[in-house]
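Worksheet: one structure, shown below.
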Amino acid sequence: MDLISNLSLGFATALSLQNILYAFIGCLLGTLIGVLPGIGPVATIAMLLPVTYGLDPTTALIMLAGIFYGAQYGGSTTAILVNLPGESSSVVTAIDGYQMARQGRAGTALFTAGFGSFFAGCVATMVLAAFAPQLAQLAFNFGPADYFSLMVLGLVGAIILSSGSILKAICMILVGLLLGLVGTDVNSGMMRYTFNIPALFDGIDFVCVAMGLFGFAEVITNLSHKDKRETFTKNVSGLWPTWIDFKRMMPAILRGTTLGSILGILPGGGAVLSSFASYTLEKKVSKYSAEFGKGAIEGVAGPESANNAAAQTSFIPLLTMGIPSNAVMALMVGAMTIHNIQPGPQVMQNNPELFWGLIASMWVGNLMLVILNLPMLGVWVKLLTIPYRFLYPAILVFCCIGVYSLNSNVANIYITAILSVFGYVLSKFGCEAAPMLLGFVLGPMMEEYFRRALILSQGSYSTFVTNPISLSLLVVTAILVSIMAFPSIKKKRQEAFQEE
Amino acid sequence: MNVRNKQNFAAGLFFVAFGVFSAIAARGYSMGTGDDIGPGYFPFWLAVLLAVLGTVLGVSSLATRAERTGIGKLDWKSTLWIVGAVVLFAFLLQHLGVVLSVVVLVVVSSMGSHEFTWRGTAASSIVLAVMIYLVFVKGLHLQFPAWPTIFS
């Protein structure tokens with residue numbers, strides 16, 4: 001069996017002392033930033049990218065991935081105890097989790113979230129191991145025109161499944177694509193949009209974009225909110241659920257895992273959408289639907305399983321096709337490029353230890369997270385008492401140092417500062433930053449595939465529609481767009497994201 | 001003129017401005033030919049598309065059945081403290097070294113909080129400066145000017 005020999009290679013890699021250590025650091029950091037509201041995995045991974053220069057690429061990716069799924073665990077703690085989503089994917093957990101905490105069942109809620117996440121994480125990793133090789137095989141048949149159409153589908157899918165206005169999201173993608181083209185054009189050597197500023201000759205580093213939009217801009221946004229929060233940090237006891245609790249949470253966990261695994265693979269699916277979808281589903285199918293919003297255990301179990309499952313399976317499009325489906329995966333593309341690994345189907349052949357090591361490390365990491373989260377809960381709860389006025393200067397310091405150390409150039413800090421004002425003002429106009437970051441990463445790739453496709457077809461644009469793979473991808477894109485234009489579906493979509 | 005959806009109107013204006021500006025700049029680069037597109041081709045058409053969609057967004061915000069939104073007040077005070085602190089840090093880094101610059105960054109950015117206290121800020125700036133020195137300069141050996149240039 002190929003799978004078994006592959007997985008044993010994976011575990012041999014993941015269980016080396018160094019990789020265990022970095023997986024642990026990643027999970028620890030992920031939980032930490034997951035617990036702390038106001039700093040997310042995108043900013044953290046961006047901050048740590050420069051630090052991973054010196055590491056082995058496999059080790060670096062294992063650590064960064066750990067931060068991402070670790071944050072899904074940590075986010076639920078904050079949601080349950082403070083009614084503040086530590087992570088955006090925990091927004092729905094806060095609804096019923098916080099009510100459970102108010103009823104003195106914080107311990108049970110936390111156990112449910114932790115257990116659900118662990119179960120979902122393990123299953124989704126299995127899905128990843130089973131399906132990724134097949135998809136990668138498929139991706140080998142892709143030509144430049146197919147890749148271009150795939151990226152169009154990826155970008156359109158990413159915005160349809162995200163919240164907010166579609167038109168604005170498309171515009172943000174275009175802004176991102178354009179920003180991605182800044183710098184020296186690789187084919188002609190022409191300087192584009194550099195305006196004789198030497199710092200722009202090599203293009204804008206995507207760490208600056210991520211840090212400006214997700215680090216600094218979020219600090220500014222958080223500073224303008226002055227809300228009080230009520231924390232249940234004193235009486236967290238009785239972690240173990242009763243038999244009845246257990247019987248109620250299990251089906252929700254199974255449904256959440258399935259839903260999350262499927263939605264995670266879709267472009268733009270990811271953790272946030274899955275948790276929303278799972279909450280809606282649980283409310284529909286549950287015998288106790290009247291209890292939702294008042295502390296229903298299914299309302300914690302389902303979404304928490306779904307977001308963790310999706311966090312794992314969202315690696316599938318990245319590892320098999322090289323297409324990032326959300327902002328975190330866009331950063332993973334960056335992490336791989338730093339180490340001269342071109343994301344795509346060839347990763348599995350050229351760097352099998354990286355591919356299977358990363359997958360195996362997710363099992364190891366999920367196990368570590370259960371240990372980190374449940375028995376060490378007290379430590380994380382203490383962290384919640386740190387006031388934001390001490391946190392945000394620290395975030396700024398780490399962001400600045402991270403950006404500077406990219407190439408020891410202060411110009412990067414200025415660029416990041418400008419982008420943060422840009423991101424903050426746009427957020428006031430109701431524009432989300434995530435599509436822009438995706439566009440930024442895909443911009444140069446899309447241009448390259450577009451150019452190559454036209455060279456191959458000798459300038460005929462019909463190559464995008466005569467090619468069967470490319471055609472079917474574009475047809476799917478067109479169907480998605482036209483579906484979204486229907487008023488009734490538009491309304492449904494808005495409802496789904498306003499579910500509370 | 002009554003702008004019902006102020007958010008979309010402002011966003012539309014921004015996208016049109018960004019698109020038009022990028023398209024004009026892209027005219028300066030060669031468009032190439034169909035079978036070998038030049039450096040101007042892709043950005044030009046992206047920018048045109050952005051300007052068109054921005055126009056649609058802006059115009060639709062004027063429609064009588066457009067959803068009413070307002071733009072939340074921009075918090076210029078917080079923005080200035082944060083961005084100012086960051087820019088100051090970048091400026092000072094080459095001259096004062098990373099340790100002192102971190103102290104300046106923490107102190108200035110903390111002033112943006114409505115809960116600012118000197119004692120808390122002093123403590124956190126010292127803790128962070130020591131941590132940065134130990135982790136990044138001593139631990140990871142990143143290339144930083146650590147101290148003011150006159151001392152080294």
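Side-chain atoms are counted along with the backbone in the values below, which use heavy atoms only and exclude waters and symmetry mates. So that the names make sense, note that chain A is the first sequence line, chain B the second, and so on, each numbered from 1.
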Out of [options], return the one with the most heavy atom pairs under 4.5 angstrom to chain B.
options                      : value
A:Thr416, A:Val175, A:Ile173 : A:Val175
A:Arg451, A:Arg452, A:Met172 : A:Arg451
A:Ala394, A:Gly189, A:Gly443 : A:Ala394
A:Ile455, A:Leu178, A:Thr221 : A:Leu178
A:Asn187, A:Leu426, A:Val425 : A:Leu426

At a 4.5 Å cut-off on heavy atoms, which part of [X] comes close to chain A: side chain, backbone, both, or neither?
X        : value
B:Leu128 : side chain
B:Tyr41  : side chain
B:Ala85  : neither
B:Ser22  : both
B:Ala129 : neither
B:Leu105 : side chain
B:Ser101 : neither
B:Val108 : neither
B:Leu93  : side chain

Checking [X] side chain against [Y] main chain: does a donor-acceptor pair fall under 3.5 Å?
X        : Y        : value
A:Tyr392 : B:Ser109 : yes
A:Tyr404 : B:Ala90  : no
B:Tyr29  : A:Tyr193 : yes
A:Tyr424 : B:Asp75  : yes
A:Arg389 : B:Phe116 : no

Query raised in the report: So what's closer than 4.5 Å to chain B heavy atoms on A:Val397: side chain, backbone, both or neither?
Result: both
**Report entry** Heavy-atom proximity to chain B below 4.5 Å, by part of A:Met191
**Finding:** backbone
Report task. Please test A:Phe398 against B:Met131 for side-chain contact (heavy atoms from CB on, under 4.5 Å), starting from the C-alpha separation and ending with a verdict. Result -> CA-CA 11 Å; A:Phe398 284 103; B:Met131 200 161 110; 3.3 Å; yes
Could you state the interatomic distance from [atom1] ([X]) to [atom2] ([Y]), rounded to the nearest 0.5 Å?
X        : Y        : atom1 : atom2 : value
B:Ile82  : A:Leu223 : CD1   : CG    : 5.0 Å
A:Lys168 : B:Gln7   : NZ    : CD    : 5.0 Å
A:Leu174 : B:Leu49  : CG    : CG    : 5.0 Å
B:Leu88  : A:Ile413 : CG    : CD1   : 11.0 Å
A:Cys400 : B:Phe89  : SG    : CZ    : 5.0 Å
B:Thr121 : A:Phe390 : OG1   : CZ    : 6.5 Å

Requested in this report: Could you go through the side-chain contact (heavy atoms from CB on, under 4.5 Å) check for A:Leu396 and B:Val106 one step at a time?
Outcome: CA-CA 8 Å; A:Leu396 293 179; B:Val106 173; over 6 Å; no
Report task. Test A:Phe429 against B:Phe14 for ring pair (Phe, Tyr, Trp, His ring centres under 6.0 Å), laying out the working first. Result -> CA-CA 10 Å; A:Phe429 298 163; B:Phe14 170 81; 7.3 Å; no
Which atoms form the tightest heavy-atom contact between [X] and [Y], and what is the distance?
X        : Y        : answer
A:Cys171 : B:Gly54  : SG-N, 4.2 Å
A:Glu447 : B:Pro43  : OE2-CD, 4.1 Å
B:Ile37  : A:Phe450 : CD1-CD2, 3.7 Å
A:Arg192 : B:Pro39  : NH1-O, 2.7 Å

Requested in this report: Give the intermediate values and the outcome of ring pair (Phe, Tyr, Trp, His ring centres under 6.0 Å) for residues B:Phe21 and A:Phe195.
Outcome: CA-CA 13 Å; B:Phe21 175 79; A:Phe195 311 107; 5.8 Å; yes
Query - Heavy-atom pair count under 4.5 Å with chain A, highest-scoring of B:Ser110, B:Gly40, B:Ser124, B:Ser125 - result: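 Ranked by heavy-atom pairs under 4.5 Å with chain A, first place is B:Ser110.
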Query raised in the report: B:Phe18 and A:Leu179: side-chain contact (heavy atoms from CB on, under 4.5 Å), yes or no, with the steps?
Result: CA-CA 11 Å; B:Phe18 196 95; A:Leu179 283 179; 4.2 Å; yes
Requested in this report: For atom OH of A:Tyr414, decide whether the heavy atoms of other residues, nucleotides or ligands shown that lie under 6.0 angstrom number more than 12.
Outcome: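 Atom OH in A:Tyr414 is crowded, with more than 12 foreign heavy atoms closer than 6.0 Å.
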Requested in this report: Take atom CG of A:Asp202 as the centre, draw a 6.0 Å sphere, and report whether it contains more than 12 heavy atoms from other residues, nucleotides or ligands.
Outcome: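 Count not over threshold, so no.
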Query - Check against side-chain contact (heavy atoms from CB on, under 4.5 Å), A:Leu181 and B:Leu46 - result: CA-CA 11 Å; A:Leu181 298 179; B:Leu46 284 181; 4.1 Å; yes
